[in-house]
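Shown below is the structure under consideration.
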Amino acid sequence: MKTRTPISIYIVTTIGLTIMAFEMFASDSGYFSSPFFWALILIAIILLLIMNSIGDLIENESFSRLLKMKNKNI
């Protein structure tokens with residue numbers, strides 16, 4: 001099975017891209033004090049954690065299927 005990217009890499013990348021997008025389209029850096037900015041970051045991190053958990057569930061299911069197939073062949 002292929003190696004998955006750690007969740008910390010996804011979180012850092014998402015925060016970096018969000019800050020970059022706000023820097024490109026905001027007229028000043030006052031967005032750091034905006035509740036909209038922090039809510040967006042929080043929602044993005046929660047979605048990334050959910051994505052990681054779903055990936056873990058899929059990986060566990062794949063391992064259990066492989067184990068069942070291996071036990072059948074023995």
List, one per line, each side-chain donor-acceptor pair under 3.5 Å for residues 25-34, sequence neighbours excluded.
unit_1: Y31; atom_1: OH; unit_2: E23; atom_2: OE2; d: 2.5
unit_1: S33; atom_1: OG; unit_2: G30; atom_2: O; d: 2.8
unit_1: S34; atom_1: OG; unit_2: F36; atom_2: N; d: 3.2

Next item on the list: Group every Ile, Leu, Val, Met, Phe, Trp and Tyr by side-chain heavy-atom contacts under 4.5 Å, then state whether F37 and I15 land in the same group.
Entry: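 In one cluster with F37: I15, yes.
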Check: Who pairs with P6 by side chain to side chain contact (heavy atoms under 4.5 Å, CB included), at least two apart in sequence or on another chain?
Finding: S8, I9
Notebook entry, point to check: How far apart are the C-alpha atoms of L67 and F63, what are their side-chain angles, what is the distance that settles it, and do they pass the side-chain contact (heavy atoms from CB on, under 4.5 Å) test?
Noted result: CA-CA 6 Å; L67 185 60; F63 281 136; over 6 Å; no
Notebook entry, point to check: How would you list, by chain and number, every residue that makes a side chain to side chain contact (heavy atoms under 4.5 Å, CB included) with M20, sequence neighbours excluded?
Noted result: L17, M24
Next item on the list: To the nearest 0.5 Å, tell me how far R65 CZ sits from N60 CG.
Entry: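 Those atoms lie 12.5 Å apart.
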Under 3.5 Å, sequence neighbours excluded: what are the donor-acceptor pairs made by side chains of residues 39-47?
none

Item checked: Residue pairs, two or more places apart or on separate chains, that pass salt bridge (charged side-chain N to carboxylate O under 4.0 Å, His left out) and touch residues 39-56 ->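 Sorted pair list: R4-D56.
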Next item on the list: Start with the C-alpha gap between M51 and L48, add the side-chain angles, then the distance that decides, and say whether side-chain contact (heavy atoms from CB on, under 4.5 Å) holds.
Entry: CA-CA 5 Å; M51 179 191 76; L48 287 171; 3.9 Å; yes
